[in-house]
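Read through the structure below, which is laid out as C-alpha cells, and then see the notes.
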Amino acid sequence: MRILFMGTPDFALASLKALCEAGHDVAAVVTQPDKPRGRGHYLTPPPVKVYAQEKNIPVLQPLTLRGEEFAKTLEDIDPELIVVVAYGRILPKNVLEYPKYKCVNVHGSLLPEYRGAAPMQRAIIDGKRVTGITTMLMAEGLDTGDMLLKAEAKIEENDNFETIHDRLAALGASLLLDTVKGLEYGSITPIPQGEGATYAAKIEKTDCLIDFSKPVDEVHNLIRGLSPIPLSFTHTPDGKLLKITESRIFSRKATGEACGKVISTDGEIRVACADGVISLLGVVPEGKGRMSAADFINGRKISVGDILF
RNA sequence: CGCGGGGUAGAGCAGCUUGGUAGCUCGUCGGGCUCAUAACCCGGAGGUCAUGAGGUUCAAAUCCCAUCCCCGCAA
C-alpha cells in the first residue's frame with residue numbers, strides 16, 4: 001500500500017527506516033521545515049529528511065497542514081495509509097480522514113498513560129518500572145485515538161532517556177511493521193483507550209532544576225530522565241550552573257547532613273538528599289563540555305562541605 | 001552577523017589584571033611502608049604554553065594583531 005510518512009526526529013527515523021527496509025511503498029515524507037539550530041544558528045535539516053533524501057523519497061516540509069495547498073498535495077500523493085511518528089504538529093481532520101487505512105501513530109508510552117509530548121522522559125522521572133509503545137488510529141484529540149497494538153519495555157534502575165529512547169524507537173519500529181500488516185489484513189481490532197489518561201507535558205527549564213531535599217530516588221530519576229538531553233542542573237556555591245549527566249544511588253539511608261551538601265569527593269561527588277545519598281558521576285560545568293565527576297574534582301572546582309542548590 | 005567561555009604535561013585546572021624561575025589535583029614510572037592495598041610516604045619522567053621565522057619589549061604563557069580549532073547558553 002502507498003504510505004505517506006510523517007515524522008521529524010531520530011525517534012521517527014527508526015520507524016521510517018523499518019518501513020523502507022521492509023519494502024513498503026513510502027511515497028513521500030512530510031517533516032518539519034529546516035530550522036536554525038546549534039551554535040551560529042545554522043539551518044539544519046531534520047534527521048528524517050536527510051535519510052529520505054538518501055533514499056530518493058520526495059520530502060515535503062509544509063509550514064501548515066491546513067488549507068487547500070496541503071489538501072491538494074495529499075491528493076497528488078494519494079496515500080492509502082499515513083504513518084505519523086513524532087511529527088510535531090496536529091493533523092487536521094481532512095488529513096486524518098483521507099487515507100483508506102486512516103492514520104497510524106506510534107507513541108512512546110502505554111496509553112492512555114503519558115499522552116503528549118514527553119512520554120519517555122516523564123515515565124522515567126516518575127520512576128516507572130515499565131513503559132512501552134502503543135500504536136493507534138489517530139483521532140482529533142491529543143493521542144486519544146483507539147489503540148491497535150502495544151508492546152512493553154522495562155525501565156531498569158540506571159536506564160536514562162537515551163537508553164529508553166533508543167529501545168523504544170526500535171520497539172516502535174517493529175511494532176509499526178506489525179501494525180501495518182495487521183491493518184492490511186484487517187486482523188487488528190482497535191480498542192478505545194478508556195479511563196485513566198495522564199499527560200506527559202513538554203519538559204520545561206523549571207523541570208530541570210534538581211531539588212536535593214527530595215528523596216534520593218526522585219533525584220536520580222530526574223537526572224536520568226533528562227539525560228543526555230536537556231540535562232538536569234544545580235548550582236555550585238559560586239552560583240555557577242552545573243549540569244548533571246549521570247548519577248547512581250549511593251545509599252538510601254538519611255545522613256543528617258543538609259540536603260545538597262557535598263559529603264564526599266572521592267572519585268565521584270556524593271550529595272546528601274532527604275533520605276539518602278546520590279553519587280554524581282558526570283557533569284557539564286558552565287561554559288565547559290562534558291566531563292567525569294573525577295575530572296571536575298581534579299580541577300578543584302568542588303570540595304566536601306559545598307552546598308549545591 | 002544570536003550571547004558567552006576556552007585552547008598551558010596523558011586528564012581536569014591555576015598562572016595572564018601588575019611581562020622576568022612552568023604551578024596544583026589526578027594519572028603514569030621507580031622506590032619505600034604494609035599480611036596486603038586502588039591507602040599512605042619519598043622520588044622521577046613528561047609541556048613547541050593552539051597556530052603565525054607576526055607586532056611591542058632587554059625579556060611574552062602573560063600585552064597587541066591575524067588565523068585555526070573546541071565548548072556552553074539560547075533557539
Side-chain angles (χ1 to χ4, degrees), chain A residues 6-13 30-50 59 61-65 86-90 116-122 125 158 160-162 165 200-211 222-251 260-271 277-309:
Chain A
M6 304 178 74
T8 304
D10 284 315
F11 187 78
L13 180 57
V30 174
T31 191
Q32 295 280 351
D34 295 2
K35 284 180 182 162
R37 286 174 189 285
R39 202 176 303 124
H41 284 182
Y42 297 114
L43 214 53
T44 309
V48 160
K49 177 182 180 181
V50 176
V59 173
Q61 298 177 286
L63 292 173
T64 176
L65 301 181
Y87 172 56
R89 206 160 282 194
I90 305 283
M120 296 179 273
Q121 295 95 319
R122 294 290 178 191
I125 291 170
N158 290 319
N160 63 16
F161 174 50
E162 181 173 42
H165 170 280
K202 194 176 129 189
I203 304 291
E204 303 289 347
K205 186 84 175 174
T206 51
D207 296 322
C208 303
L209 177 63
I210 298 170
D211 180 356
L222 182 72
I223 290 170
R224 64 202 183 100
L226 298 176
S227 179
I229 294 173
L231 290 181
S232 54
F233 64 89
T234 182
H235 302 273
T236 43
D238 57 9
K240 293 246 175 86
L241 195 70
L242 185 68
K243 293 191 167 193
I244 310 302
T245 57
E246 191 180 3
S247 62
R248 290 287 184 274
I249 290 172
F250 180 72
S251 84
K261 187 170 180 179
V262 176
I263 61 173
S264 166
T265 54
D266 185 16
E268 51 192 45
I269 303 165
R270 301 207 183 102
V271 183
V277 177
I278 185 103
S279 281
L280 309 181
L281 305 184
V283 301
V284 181
E286 183 175 322
K288 296 285 185 178
R290 287 161 185 264
M291 66 179 71
S292 66
D295 280 344
F296 188 65
I297 293 162
N298 280 338
R300 318 228 108 199
K301 295 298 188 186
I302 195 163
S303 49
V304 172
D306 286 353
I307 304 285
L308 302 181
F309 62 99

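In what follows, every chain begins at residue 1, and chains take the letters A, B, ... in the order their sequences are listed. As the structure is a prediction and not an experimental result, all values here were calculated from the model.
With a 4.5 Å cut-off on side-chain heavy atoms, A/I203 and A/C208 count as touching. The shortest distance between side-chain heavy atoms of A/V59 and A/T31 falls below 4.5 Å.
One P atom belongs to B/rC29, the other to B/rA39, and the distance between them is 13 Å to the nearest Å. Taking atom C1' in both B/rG2 and B/rU18, one finds a spacing of 36 Å when rounded to whole Å. Separation of the C1' atoms belonging to B/rG23 and B/rG15 is 7 Å when rounded to the nearest angstrom. Look at the C1' atom in both B/rU8 and B/rA50: the space between them is 10 Å, to the nearest Å. Here the separation of B/rG27 from B/rC42, taken at their P atoms, is 15 Å to the nearest Å. Of the P atoms belonging to B/rU17 and B/rG10, the separation is 26 Å, rounded to the nearest Å. Of the P atoms belonging to B/rU57 and B/rG6, the separation is 29 Å, rounded to the nearest Å. The gap from the C1' atom of B/rC49 to that of B/rC24 amounts to 16 Å, rounded to the nearest Å.
Residue-level contact check: A/G38 touches the bases, meaning some heavy atom is under 4.0 Å from a base atom. Here A/N298 lies in heavy-atom contact (under 4.0 Å) with a base. Residue contacts for A/K35: at a heavy-atom cut-off of 4.0 Å it reaches no nucleic acid atom on any strand shown. Looking at heavy-atom distances under 4.0 Å, A/R37 makes contact with a base. Counting any heavy atom pair closer than 4.0 Å across all strands shown, A/K240 reaches no nucleic acid atom.
At a threshold of 4.0 Å, the pair A/R122-A/D207 counts as salt-bridged, since one of the basic side-chain nitrogens sits closer than that to a carboxylate oxygen.
When the nearest nucleotides of RNA chain B are assigned to A/G40 and A/G299 by heavy-atom distance, the more 5′-ward of the two goes with A/G40.
Listed candidates were B/rC13, B/rG12, B/rC73. Nearest to the side chain of A/K205 is B/rC73. Listed candidates were B/rA74, B/rC73, B/rA11. Nearest to the side chain of A/R39 is B/rC73.
Among the candidates A/I244, A/L241, A/I210, A/L308, the single residue satisfying the side-chain contact (heavy atoms from CB on, under 4.5 Å) test with A/F233 is A/L241.
At most 12 heavy atoms of other shown residues, nucleotides or ligands fall within 6.0 angstrom of atom CG in A/D266.
Atom CG of A/D295 and atom P of B/rA9 are 14 Å apart (whole Å). Rounding to whole angstrom units, CE of residue A/M291 and P of B/rG6 are separated by 13 Å. Between the CD1 atom of A/I203 and the P atom of B/rA74 there is a distance of 14 Å, rounded to whole Å. For A/F296 and B/rC26, the CZ to P distance is 17 Å, given to the nearest whole Å. Spacing between atom NZ of A/K243 and atom P of B/rG5 amounts to 18 Å, rounded to whole angstrom units. For the pair A/I229 CD1 and B/rA74 C1', the computed distance is 15 Å after rounding to whole Å. Atom CD of A/E204 is separated from atom C1' of B/rA74 by 15 Å (rounded to the nearest Å). Computed from coordinates, the A/L241 CG to B/rG72 C1' distance equals 9 Å when rounded to whole Å.
Nucleotide B/rC40 is matched to B/rG32 when pairs are restricted to Watson-Crick or G-U wobble geometry with both distances under 3.5 angstrom. A 3.5 Å limit on both hydrogen-bonding distances identifies no Watson-Crick or G-U partner for B/rC49. Figure legend. B/rU21 is base-paired to no nucleotide; pairs are counted as Watson-Crick or G-U wobble with both atom distances under 3.5 Å. Figure legend. B/rG72 is base-paired to B/rC3; pairs are counted as Watson-Crick or G-U wobble with both atom distances under 3.5 Å. Across all strands shown, B/rG55 is found opposite B/rC63 as a Watson-Crick or G-U wobble partner, with both distances under 3.5 Å.
Between atom CG of residue A/L231 and atom OG1 of residue A/T245 there is a gap of 6.5 Å, rounded to the nearest 0.5 Å.
A stacking contact between A/H41 and B/rA75 is absent: the pair does not combine a ring-centre distance of less than 5.5 Å to the base's six-membered ring with planes differing by less than 30°.
For B/rC13, one of the phosphate oxygens OP1 or OP2 lies less than 4.0 angstrom from a side-chain nitrogen or oxygen of A/K288.
For the residue pair A/Q61 and A/D34, a side-chain donor N or O sits within less than 3.5 Å of a side-chain acceptor on the partner.
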